[in-house]
Amino acid sequence: MYILVAGIFRNMRKIIPVPLIIFIFLLLFRGSAFSAATPEIRVGLTLTGNALELSFDSGYEIINTASGTPLQLSPGRYKLVPTQGGVKFLDRQGNDCGIYREPLYLRPQSTQPSDATFFMHNAVYGSEYRGALEITLAGGSLKAINVLDLESYLRAVVPREMPSSWGNYGGTEALKSQAVAARSYALFNLGARRHGGYHLCDDPLHCQYYGGKNAETNNTDSAVGQTRGEVLTYNGSLIEPHYCASNGGYTELPQNVWSSGLPYYQSVHDPYDDPSNPLKLSNFIVHPYSTWETSIPLKSLGSLLAAGGYGNPGEVKRIYIASKFDSGRVGELRVEGTNGSVSLFKQDARFALGLRSQLFTVKEELEPCVWVASATGTIETKNSFPELEGKWVAGGYTIKSMLTGERFAVVGDGVKGEVPTLGYVLTGRGSGHAIGMSQNGAYNRSRAGHSYLDILSFYYPGTDVSAVY
Ligand SMILES: [Zn+2]
């Protein structure tokens with residue numbers, strides 16, 4: 001799901017000062033910075049509902065964490081419900097199997113815990129998981145924390161962050177780059193305290209996409225295995241690794257997207273992700289969003305910005321780019337209206353307007369467009385809207401292009417009578433923040449014969465790849 005990566009790291013900041021990173025490193029690798037032990041990672045699983053639907057076989061036992069006492073529960077499928085005094089266990093038939101005090105621990109009995117698997121049937125991003133499970137009660141809901149070794153975690157992350165099929169088409173080195181970046185990200189977050197009680201969540205929009213055992217593939221398993229223990233360091237400390245789907249041909253500095261900078265990022269032309277293919281590579285892959293176009297309806301723009309907390313320009317009269325960075329990315333987009341002007345700085349323009357990237361231009365002339373503002377109200381269907389073909393339709397956070405002759409629905413009261421309305425057309429390049437590794441650029445570099453070390457040294461200049469276990 002590399003397209004989803006666009007928004008994954010948008011909220012990341014430099015959270016940990018470098019001396020603390022070194023301290024964490026020393027804690028993790030006590031005695032030697034090159035200990036052979038694989039670190040353990042705690043991953044919070046996103047669930048539907050406030051209960052747990054769990055099944056495990058004879059390779060597991062459930063214990064009370066405080067006392068270490070095993071619960072008298074045979075293998076099988078259970079529903080765990082938060083209740084007065086602890087956690088109530090119900091079997092598959094709904095029979096009451098007792099109430100136990102949390103925290104509880106589902107413990108693999110094998111000497112190779114990562115070989116044992118259990119099922120979490122109401123997990124959102126996976127179903128079968130390796131390792132152990134910690135069960136706690138927080139705010140009336142049960143929380144499930146998967147505890148496993150870092151390498152097993154990565155086997156379930158790399159294939160969700162980058163298509164494993166790339167390994168069949170010359171992308172093996174890109175998969176290895178992704179493995180090193182994802183491992184560095186995970187280790188960096190062992191001390192980042194972005195979550196209470198665990199290190200990372202499985203949500204692709206917040207941390208890395210962790211899909212459990214079902215996500216694993218041969219291509220990504222070998223990319224993880226061949227880079228075992230390897231991370232990106234700068235002056236001997238772990239870096240804060242960012243990556244994105246496609247940079248549109250130009251990398252970016254963190255301070256031009258967020259606020260503070262980091263010394264191992266640069267803003268330079270990336271011919272391996274430039275959709276014009278300046279190197280004229282015969283096997284060049286153009287990212288699906290290397291170029292994009294979207295319409296911003298003039299009439300709704302003021303209320304859209306006000307609703308997003310960006311200020312209220314009133315009825316909008318003009319929008320224009322007030323400043324750009326060397327990369328061409330927009331530093332300030334100004335919106336002028338009857339109430340005054342509103343400035344959208346850096347990534348704010350991207351998120352306020354739902355754009356794929358910060359690298360875009362605005363056409364001066366207004367053009368007809370349609371914006372479906374809500375999914376409530378009446379539905380009007382026609383066989384086609386020829387005046388809209390080739391334009392873009394945005395509803396909420398989804399954007400879709402109109403295809404020639406396509407049948408579609410206009411949804412929502414108030415919209416019906418206003419179609420088409422006038423809007424600004426924005427044309428852009430790339431998908432994501434463009435800081436650090438471009439996954440599409442890494443794929444093209446791999447196909448052109450670059451090693452994963454070459455790929456990483458371009459996207460994280462001045463860094464080293466070191467095996468820490
Ligand atoms: Zn998270």
How about Glu40 and Tyr153: does a side-chain donor come under 3.5 Å of a side-chain acceptor?
-> no
Pair up each side-chain donor or acceptor in residues 43-56 with any protein partner under 3.5 Å, not counting sequence neighbours, and list the distances.
| residue | atom | partner | partner atom | Å |
| --- | --- | --- | --- | --- |
| Thr46 | OG1 | Asp202 | OD1 | 2.5 |
| Thr48 | OG1 | Asn122 | O | 3.4 |
| Glu53 | OE1 | Arg77 | NH2 | 3.4 |
| Ser55 | OG | His121 | NE2 | 2.7 |

For Gly170 and Ser446, the nearest pair of non-hydrogen atoms, with its separation, is O-OG, 2.6 Å
Exercise. Between Cys97 and Leu90, is any pair of side-chain heavy atoms under 4.5 Å apart?
Worked result: no
**Study point:** Flag for Ser246-Asp273: side-chain donor and acceptor within less than 3.5 Å
**Key:** yes
Got a donor-acceptor contact below 3.5 angstrom from the Tyr265 side chain to the His242 backbone?
yes
Residues passing the ring-ring contact (aromatic ring centres under 6.0 Å, His included) test with Tyr100, sequence neighbours excluded, are Phe89
Does any part of the side chain of Phe118, heavy atoms only, come nearer than 4.5 Å to the side chain of Glu128, both counted from C-beta?
no
| Looking just at side-chain N and O atoms, do Tyr272 and His450 make a donor-acceptor pair shorter than 3.5 Å? | yes
To the nearest 0.5 Å, atom CG of Asp57 lies from atom CZ of Phe119 at 9.0 Å
Quick one: does Asn277's side chain have a donor or acceptor within less than 3.5 Å of a partner on Leu281's backbone? yes
Open item on the list: Assess, by modelled atom type and distance only, whether the side chains of Gln178 and Gln439 contain a donor and an acceptor separated by less than 3.5 Å.
Closed with: yes
*Cationic N near anionic O, under 4.0 Å, Glu216 to Arg130*: yes
Self-check item: Geometric class of the Tyr129/Tyr210 ring pair [parallel <30°, tilted 30-60°, perpendicular >60°]
Solution: tilted
For Arg101, the salt bridge (Lys or Arg N to Asp or Glu O under 4.0 Å) test, sequence neighbours excluded, returns none
Arg183 and Glu151 have their tightest heavy-atom pair at NE-OE2, 2.8 Å
Could you tell me whether the side chain of Gln266 reaches within less than 4.5 Å of the side chain of Phe458, counting heavy atoms only?
yes
What one should report as the nearest heavy-atom pair of Leu175 and Val158 is O-CG1, 4.1 Å
- Query: Is the Trp292-His287 ring centre distance short of 6.0 angstrom?
  - Reply: no
So CD1 of Ile99 and CG of Leu80: to nearest 0.5 Å the spacing works out to 11.5 Å
One should read off an interatomic distance between His199 NE2 and Leu190 CG, to the nearest 0.5 angstrom, of 5.0 Å
### Task
Would you mind reporting whether Phe360 and Glu293 have side-chain heavy atoms less than 4.5 Å apart?
no
To the nearest 0.5 Å, atom OG of Ser177 lies from atom OH of Tyr459 at 9.0 Å
Mark yes or no for whether Arg155, through its side chain, and Gly225, through its backbone, hold a donor-acceptor pair below 3.5 Å. no
For this session: Taking the side chain as every heavy atom from C-beta outward, state whether Phe351 and Tyr310 have any atom pair closer than 4.5 Å.
Result: yes
Applied to residues 173-182, the salt bridge (Lys or Arg N to Asp or Glu O under 4.0 Å) test, sequence neighbours excluded, yields Glu173-Lys176
Of all heavy-atom pairs linking Thr227 and Ala179, the shortest is OG1-CB, 3.7 Å
**Request:** Using a 4.5 Å cut-off on heavy atoms from C-beta on, say whether the side chain of Leu355 contacts that of Leu426.
**Result:** yes
What one should report as the nearest heavy-atom pair of Phe284 and Asp274 is CZ-O, 3.2 Å
Residues Ala156 and Ala215: closest non-hydrogen pair is O-CB, 3.8 Å
Is it the case that the side chains of Asn168 and Ser165 hold a donor-acceptor pair, with the cut-off being a distance below 3.5 Å and no angle test? no
query: Between Leu148 and Ile41, does a side chain to side chain contact (heavy atoms under 4.5 Å, CB included) hold up when you go through it step by step?
result: CA-CA 6 Å; Leu148 76 171; Ile41 190 159; 3.9 Å; yes
The complete set of salt bridge (Lys or Arg N to Asp or Glu O under 4.0 Å) pairs with one or both residues in residues 248-272, sequence neighbours excluded, reads Glu252-Arg329, Asp270-Arg445
Legend entry - Min side-chain heavy-atom separation Ser164-Thr220 under 4.5 Å: yes
Between the CG atom in Leu253 and the OG atom in Ser327, the distance rounded to the nearest 0.5 Å is 8.0 Å
CD (Gln347) and CD1 (Ile435) are apart, to the nearest 0.5 Å, by 8.5 Å
Within the 6.0 Å centroid threshold, strictly below: Tyr264 and Tyr234
yes
Listing, residues 131-145 side-chain donor-acceptor contacts under 3.5 Å, not counting sequence neighbours, or none:
| residue | atom | partner | partner atom | Å |
| --- | --- | --- | --- | --- |
| Glu134 | OE1 | Arg42 | NH1 | 3.0 |
| Glu134 | OE1 | Arg42 | NH2 | 3.3 |
| Glu134 | OE2 | Arg42 | NH2 | 2.9 |

#### Entry: Gln72, CD atom: more than 12 neighbouring heavy atoms under 6.0 Å
no
- Item | Whether Tyr443 and Trp166 hold their rings parallel, tilted or perpendicular, with breakpoints at 30° and 60° | parallel
**Asked** Can you find a pair of side-chain heavy atoms, one from Arg228 and one from Thr38, that are under 4.5 Å apart?
**Response** yes
